[in-house]
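By convention here, the first residue in the shown sequence is residue 1.
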Amino acid sequence: ATFLTIHAMMAGTSRACFFLVLILATLVTSQYVPRRTKKRYGGKSRVKDLCKDRIFNEFFRDQTKNCAKVVKCDTSRTGLSTLNCSPPLVFDVDTQICNYEERVSNCDRTDKMPECTDDERDTTKCILREEEIGLEIEEEDPNLLPECDREKCVLPTCYCSSDGTIAPGVEEGGLTIKEIPQMITITFNGAITQANMEIYERLFSSDRVNPNGCTAKGTFFVSHKYTNYSAVQELHRKGHEIGVFSVTSSDEPEYWENGSYDTWLLEMAGNRQIIEKFADITDGSVIGVRAPYLKVGGNTQFKMMNDSYFPYDSSITAPLSRVPLWPYTLDYRIPHKCHGNCPTESWPIWEMPINELDRREDPTFDEELTGCPLVSSCTNIQDKEQFNTLLQHNFERHYLTNRAPLSLSFNPFWLNSNKGFVEVFENWMDKILATYNDVYFVTSFQTILWITNPTSTVNIQGLEEWKEKCTVDGQAACYLPNVCPLRSAELPGETVRLHTCQQCPRRYPWLLDPEGSGN
């Protein structure tokens with residue numbers, strides 16, 4: 001902590017009455033200007049003109065002022081449906097999914113770009129087919145690390161496979177796929193607030209128990225601003241994992257991809273220092289990193305992680321493929337296409353890749369669609385039945401193939417704003433636990449611990465790494481936390497309330513003053 005502080009300081013019935021009312025009404029009507037509300041379409045003729053020659057169920061923009069809002073022509077009652085991406089996501093008309101703004105370059109364009117043909121190869125006018133993109137990446141791949149060498153890369157410190165699909169313990173430990181537990185990691189990104197806690201308490205109810213008798217667990221990548229640290233302390237007390245998601249959650253262009261070593265240090269190690277102090281986490285368990293907007297910071301990020309003891313990252317997305325990928329260490333070449341500023345050097349760090357989800361409603365019939373890394377970025381999921389289908393289909397994709405961990409990553413705002421989705425998720429979790437005796441809802445780090453010590457489902461009752469805080473009863477650390485209205489020289493003019501069971505600091509903790517000492 002001292003090192004970080006020092007390092008940052010240097011870095012709206014009479015006749016006479018009737019006429020009077022008539023006159024006033026005329027005056028008001030003549031001056032009335034309709035309030036501009038949500039855009040409405042001029043009946044069926046307007047929709048008919050708008051949808052002429054368009055592909056049904058393909059989203060497009062009817063305006064370019066709001067990048068998060070799109071429409072599509074369909075068979076609904078009005079013939080036109082509207083979609084608004086949940087903040088901070090915007091819509092990518094080319095890939096037809098909600099994504100982080102930093103990853104979308106077509107907010108000024110209304111329609112999806114057509115695929116390239118033999119006659120049209122200009123990539124400013126068309127999109128290369130997936131297989132062509134793969135060829136280009138292979139030719140220009142800057143990742144010069146050698147491919148996986150399974151003779152040299154040995155558990156527990158190293159794990160890899162040439163295409164990332166081989167399950168740990170199968171080749172070296174003699175396990176069969178049916179003997180491997182299906183791990184599901186439920187992760188949330190961003191600030192933890194009291195509103196969010198109501199969702200988390202429902203999902204991770206004490207009655208929702210894994211086959212080994214331990215309650216279902218989740219992972220929370222916590223950002224600093226607006227976070228209620230008494231809530232973080234309670235999540236940690238109940239055995240959930242707390243990771244870092246940065247201090248500022250900056251949305252500035254290139255801030256994360258091209259951030260300096262000091263930027264990553266102050267943002268992530270500083271985030272950990274704040275969490276540990278104000279959520280009273282003293283067991284050294286805050287060790288996982290997820291980059292805001294999934295903007296990986298290249299070798300700079302991983303050097304900081306290696307220097308500061310962050311043994312795993314969960315920011316890199318693995319494109320949708322027939323068979324999902326297992327976590328791997330970064331000792332060798334990344335076994336899949338990696339977009340953005342990906343590490344090109346060898347690092348003794350685990351990567352918990354986010355396998356993209358298959359968002360098709362009927363995978364046996366629908367055409368192939370691009371995957372979505374976050375559940376909340378799957379734009380076609382607009383009702384409860386679709387949500388349940390997404391969960392079940394992607395579970396089966398993992399369970400019936402190589403049982404790679406299923407990553408279900410959420411923006412809590414999305415889950416809360418879609419009526420009935422929390423209940424759908426609860427019911428799905430209950431059905432999974434009632435149907436299968438080899439499926440576990442565990443944290444990201446518990447997943448890594450299993451990989452380092454592959455254990456058959458027959459013997460998993462004795463896996464001590466999954467027994468810590470197995471079931472937790474008792475009272476919270478505090479029911480009436482301190483509510484500290486604080487300011488910081490780094491946030492001029494702002495007063496932010498810090499909720500903590502600890503003593504109020506003098507200033508609101510921020511990059512250069514993570515303990516809020518005001519010095």
So, [X] versus [Y]: side-chain donor-acceptor pair below 3.5 Å or not?
X: N299; Y: T344; answer: yes
X: T248; Y: S246; answer: no
X: T447; Y: S444; answer: no
X: R290; Y: T219; answer: no
X: N355; Y: R397; answer: no
X: S314; Y: E351; answer: no
X: N189; Y: N411; answer: no
X: D331; Y: Y159; answer: no
X: S81; Y: D74; answer: yes
X: S260; Y: D262; answer: no
X: E198; Y: N416; answer: no

- Item | Pairwise distance CD(E115) to CG(D94) - rounded to 0.5 angstrom | 11.0 Å

- Would D62 and T110 satisfy side-chain hydrogen bond (donor to acceptor under 3.5 Å, both in side chains), going step by step from the backbone distance to the final call? CA-CA 7 Å; D62 61 329; T110 60; over 6 Å; no

Assess the cysteine pair [X] / [Y]: is their SG-SG separation shorter than 2.5 Å?
X: C378; Y: C372; result: yes
X: C73; Y: C51; result: yes
X: C148; Y: C160; result: yes

- Task: Test the R272-F310 pair against the cation-pi criterion, namely NZ or CZ under 6.0 angstrom from the six-membered ring centroid and within 45° of the ring axis.
- Result: yes

- Task: Can you establish whether the number of heavy atoms outside E396 located under 6.0 Å from its atom CD is more than 12?
- Result: yes

Main chain of [Y], side chain of [X]: is a donor-acceptor contact present, judged purely on distance under 3.5 Å?
X: W326; Y: N402; result: yes
X: R109; Y: D111; result: yes
X: S205; Y: E201; result: no
X: T227; Y: Y229; result: no
X: E356; Y: T317; result: no
X: Q386; Y: D383; result: yes
X: R333; Y: L145; result: yes
X: Q446; Y: T443; result: yes
X: H398; Y: A404; result: yes

Looking only at non-hydrogen atoms, find the nearest pair between [X] and [Y] and report the distance.
X: I432; Y: Q392; value: CD1-OE1, 3.9 Å
X: Y440; Y: P181; value: CD1-CB, 3.9 Å
X: A191; Y: N196; value: O-ND2, 3.0 Å
X: P292; Y: W256; value: CG-CZ2, 3.5 Å
X: T300; Y: G259; value: CG2-O, 3.5 Å
X: S315; Y: L294; value: O-CB, 3.7 Å

Is any side-chain N of the basic residue among [X] and [Y] closer than 4.0 Å to the acidic one's carboxylate O?
X: R403; Y: D438; value: yes
X: E426; Y: R208; value: yes
X: E171; Y: R150; value: yes

Decide yes or no for [X] and [Y]: does some side-chain heavy atom of the first lie under 4.5 Å from some side-chain heavy atom of the second?
X: L50; Y: F60; result: yes
X: N388; Y: W428; result: yes
X: V375; Y: L390; result: yes
X: D358; Y: H393; result: yes
X: N84; Y: F91; result: no
X: S223; Y: V247; result: no
X: N106; Y: D92; result: yes
X: I448; Y: M352; result: yes

- Output all residues satisfying side-chain contact (heavy atoms from CB on, under 4.5 Å) with C126, sequence neighbours left out; order by chain, then residue number. C116, E120

Classify the ring geometry between [X] and [Y] as parallel (under 30°), tilted (30 to 60°) or perpendicular (over 60°).
X: F387; Y: F425; value: tilted
X: F188; Y: F220; value: parallel
X: W414; Y: F421; value: perpendicular

- Message: Test of understanding: with salt bridge (Lys or Arg N to Asp or Glu O under 4.0 Å), list the residues that count as partners of K295, not counting sequence neighbours.
- Response: E257

- Ring-ring centroid check Y399 Y436, cutoff 6.0 Å: yes

